[in-house]
Trainee: 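Before I ask anything, let me first share the structure, which is written out below as structure tokens.
Only a predicted model underlies this, so the values are computations on that prediction, with no experimental measurement involved. Throughout, a chain's letter reflects where its sequence line sits, starting with A, and its residues are numbered from 1.
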Amino acid sequence: MTATRVCFVGLPEAGKTTFLAAFWATCRHAGNHEPTFEIVRFPGPAARRYLQEIGDAWFEGRKVGRNTSGSWEPVELTLRTPSGQELDLVVPDLSGEAFRDVAAVRQIEQRVADLVAASTLLVFFVNAATASAHMSLADFAPGAEQAQRLVVEFDAKELETDILNAELLQLLPMLTECSESPPPVAVVVSAWDTVDSLGVTPAQWLETNQPMFSQVLDEYARSAVVTVIGISAQGGDYDRDHGVTAKPPHDRPLVVTATARSTDIGAPFTWFARLPGSTDGG
Amino acid sequence: MTVTDDGTAARGKCAVAECRASVDGTCHRAKPSPLDCEEFELELAGEATEPPPPAEPLVSLPQGRALRPDELAPVLRRDRTARVVPLGVIEAGKTTLFCVLFEFVTCRRLDGWRYVESLSTLGFTWRGHEAAARSNRSEATTGRTSGTVGNELLHLRVRRVADDALRSVLLADVSGEHVEALTTEGRIEPFLSDAVAVADHILLLVDGEQAANPATRPNAVRHTIDIAQVLQELPVPEYATLAVVLTKVDYFPDDEGADTVLAEVAAAVTRCTGAGDVRTFAIAARPNSGARVEPGHGLAALFAHVAEKPRHAPTSVFVLSRADPAPTILRRIWGSR
């Protein structure tokens with residue numbers, strides 16, 4: 001059986017690191033739960049050390065920081081699902097800067113491009129707490145106060161996440177072997193606890209709050225399987241919701257799909273593993 | 001360290017006196033069995049830090065800015081693309097029209113249309129940024145395309161909700177300075193001439209701010225008619241449609257005044273060009289605050305017009321190989337019709 005390659009994609013602060021911390025910590029210590037995923041191949045020493053650091057931070061209810069380990073190696077590990085399927089999990093750029101550069105600078109490091117190209121599943125992170133959508137010129141009249149903030153040099157890196165994510169998703173298939181049949185995408189709307197009270201599904205939230213990205217995703221879905229999952233890896237705001245850290249690790253995450261709520265942090269992988277044909281490498 | 005019979009570390013029996021990773025007396029820290037926290041810290045401390053990364057080769061991607069005429073092949077190869085050429089004097093509102101159109105499609109605000117992609121997203125957003133910044137620097141003024149930064153094309157690919165049909169448009173960003181050079185000096189800029197020569201839709205813009213003011217209205221009307229007149233000196237394709245677009249219609253106190261201007265200009269354009277069907281549109285892409293019309297007024301109707309399938313059939317070029325049997329060749333020709 002060939003392993004399926006899963007690649008994490010997302011702009012800076014999209015929630016990749018916190019997700020990975022929670023996933024790592026819950027995989028490595030199942031507590032009283034049956035482990036859903038087993039890690040059967042570990043990353044290199046620097047990446048492993050970093051994973052442990054962020055896993056510890058997550059466990060202790062500290063905000064998970066960005067990668068400061070000095071490691072440049074991609075985080076790569078292999079998971080085994082309960083059905084025996086192996087997933088090679090690859091995070092080519094935890095900082096997200098390489099992906100922002102795809103959308104804004106239109107360049108990508110060869111090694112990151114290669115990792116994306118070899119993927120059979122993309123897990124695409126969008127942070128609900130920091131997502132921004134473009135404000136139309138039409139919505140502030142000439143000379144209005146809102147325009148004050150715009151009197152700066154244009155910098156594509158500073159564009160709204162809606163535009164950058166839409167561009168990123170539009171460009172990623174170009175890196176794959178066959179852009180006409182791109183890999184499946186699981187969109188993770190991270191920090192879902194911040195919008196959970198709105199009572200909408202993750203896909204509906206995207207439609208309203210990241211309209212450009214959501215439309216590009218709709219188009220993508222014409223040529224590949226797509227899902228949208230709301231995940232709060234922290235399970236809540238550490239500063240406001242002090243009860244979060246008192247929960248056992250497996251009970252902390254909040255995972256919301258169109259039809260169900262759970263604490264299964266591995267939901268994107270579970271979704272993929274159940275797709276027809278996914279067991280033979282996608 | 002406490003190790004169970006099967007060799008794994010027992011949960012909740014961590015040897016570290018004040019284990020931080022403890023909830024309700026049970027250590028949940030994600031560490032490999034059979035280490036306890038103390039040994040685990042030692043293991044982590046002993047691991048080497050990776051050397052700094054070597055310089056990585058970079059892969060370039062499509063640039064996403066406005067397209068030059070020599071960069072259109074990827075667009076034209078894929079779709080029947082409607083080429084739209086808005087012509088107006090300086091400050092007529094072209095740039096605002098482009099930007100708000102893009103923003104409305106991408107934000108699901110353009111009724112009847114869904115965004116698919118753009119090969120010039122950064123071209124749109126840069127223009128929008130400049131327009132907003134300029135309007136803040138000089139009161140009530142939108143950004144405009146100067147002769148040095150214009151002369152490019154903006155691409156937009158959309159899907160019509162009603163029938164799911166794909167449509168691509170290329171908006172020619174013709175500098176108002178070049179339009180004025182044409183009408184006042186008869187100087188034809190190559191970009192303008194080339195854009196018009198392949199245009200499917202030519203939009204003659206009337207500056208509504210000027211046209212709403214009785215004192216400046218004659219000038220606004222005359223400028224547009226001047227453009228229509230010089231079109232006869234340009235290689236306008238027979239299939240191209242002509243439309244008159246009254247911008248900034250929010251400056252008119254009511255629809256009647258706007259309709260009168262549109263009718264007057266359309267009649268003059270029909271007379272001087274001989275065009276049989278000159279459509280008219282009144283828009284307010286970015287009305288002033290408190291205006292009688294909503295932002296984006298009239299854009300959906302205008303876009304429906306320009307996104308129509310081009311009337312002309314592009315010349316088909318078939319590359320055939322000797323190995324192609326006759327039925328295959330016929331199928332390809334038939335399939336292209």
Side-chain angles (χ1 to χ4, degrees), chain A residues 24-29 31 44-46 48-49 52 55-56 59-60 69-73 102 104 106-111 113 133-134 136-144 147-148 150-152 154 156 159 162-163 166-167 170-171 174-175 207 211-212 215-216 218-219 245-249, chain B residues 11 20-21 23-24 26 28-32 40 44 47-53 56-64 96 99-100 103-104 106-109 114-118 121-122 125-126 128-133 135-137 139-142 159 285-291 295-296:
Chain A
W24 172 263
T26 51
C27 269
R28 295 205 73 198
H29 201 298
R48 184 170 169 178
R49 179 179 176 79
Q52 192 58 48
D56 284 353
F59 182 86
E60 292 163 14
S69 69
S71 168
W72 58 274
E73 67 178 40
V102 169
R106 307 291 170 144
Q107 284 184 332
I108 185 168
E109 289 176 15
Q110 183 72 57
R111 67 176 180 90
H134 193 62
S136 173
L137 199 58
D139 292 327
F140 50 98
Q148 293 285 348
L150 291 164
V151 188
V152 291
F154 177 76
L159 284 170
D162 188 27
I163 296 178
E167 289 294 281
Q170 186 180 308
L171 290 166
M174 295 182 190
L175 302 174
E207 193 176 317
M212 184 176 178
Q215 291 179 90
V216 172
D218 287 346
E219 280 301 314
T245 50
K247 291 181 183 174
Chain B
R11 277 190 298 115
R20 291 179 303 169
V23 173
D24 298 335
T26 301
H28 286 280
R29 194 173 185 197
K31 59 182 182 296
F40 184 46
L44 288 176
E47 288 175 344
T49 303
E50 290 292 303
E56 279 286 335
L58 295 169
V59 177
S60 290
L61 294 158
Q63 291 302 296
T96 305
C99 296
V100 175
E103 290 163 349
F104 270 45
T106 55
C107 292
R108 296 180 186 268
R109 291 172 68 176
R114 290 286 173 268
Y115 176 73
V116 173
E117 69 168 343
S118 170
T121 299
L122 299 185
T125 51
W126 176 79
H129 179 274
E130 289 298 299
S135 70
N136 197 43
R137 289 182 191 125
E139 194 180 342
T141 305
T142 56
R159 198 176 281 282
R286 186 192 185 193
N288 284 299
S289 48

Trainee: What residue in B:Gly296, B:Pro57, B:Ser60 has the most heavy-atom pairs under 4.5 Å with chain A?
Mentor: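 Of B:Gly296, B:Pro57, B:Ser60, B:Pro57 has the most heavy-atom pairs under 4.5 Å with chain A.
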Trainee: How long is the straight-line distance from CD of A:Gln215 back to CZ of B:Arg159, given to the nearest 0.5 Å?
Mentor: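 Reported value, rounded in 0.5 Å steps: 11.5 Å.
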Trainee: For A:Ala113, is it the side chain, the backbone, both, or neither that has a heavy atom closer than 4.5 Å to a heavy atom of chain B?
Mentor: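 The side chain, not the backbone.
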Trainee: Under 4.0 Å between a side-chain nitrogen and a carboxylate oxygen: does that hold for A:Arg106 and A:Glu167?
Mentor: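 Result for this pair is yes, salt bridge flagged.
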Trainee: For A:Glu219, is it the side chain, the backbone, both, or neither that has a heavy atom closer than 4.5 Å to a heavy atom of chain B?
Mentor: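 Just its side chain gets close to chain B.
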Trainee: Taking the side chain as every heavy atom from C-beta outward, state whether A:Gln107 and B:Leu61 have any atom pair closer than 4.5 Å.
Mentor: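 Answer no - side chains too far apart.
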Trainee: Measuring heavy-atom distances to chain B, does A:Ala104 have an atom under 4.5 Å in its side chain, in its backbone, in both, or in neither?
Mentor: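 Looking at A:Ala104, just its backbone touches chain B.
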Trainee: Is A:Gln170 in contact with chain B via its backbone, its side chain, both, or neither, using a 4.5 Å heavy-atom distance?
Mentor: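 Contact with chain B: side chain only.
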Trainee: Could you tell me which portion of B:Cys99 (side chain, backbone, both or neither) has an atom closer than 4.5 angstrom to a non-hydrogen atom of chain A?
Mentor: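 Looking at B:Cys99, just its side chain touches chain A.
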Trainee: Once rounded to the nearest 0.5 Å, what's the spacing between atom CD of B:Glu130 and atom CG of A:Leu137?
Mentor: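 Answer for the CD-CG pair, B:Glu130 versus A:Leu137, is 11.5 Å.
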Trainee: Does any backbone or side-chain atom of A:Leu159 lie under 4.5 Å from a heavy atom of chain B? Answer side chain, backbone, both or neither.
Mentor: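 Only the side chain of A:Leu159 comes within 4.5 Å of chain B.
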Trainee: Do B:Phe104 and B:Pro295 have side-chain heavy atoms sitting under 4.5 Å apart?
Mentor: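 Touching, per the 4.5 Å side-chain cut-off.
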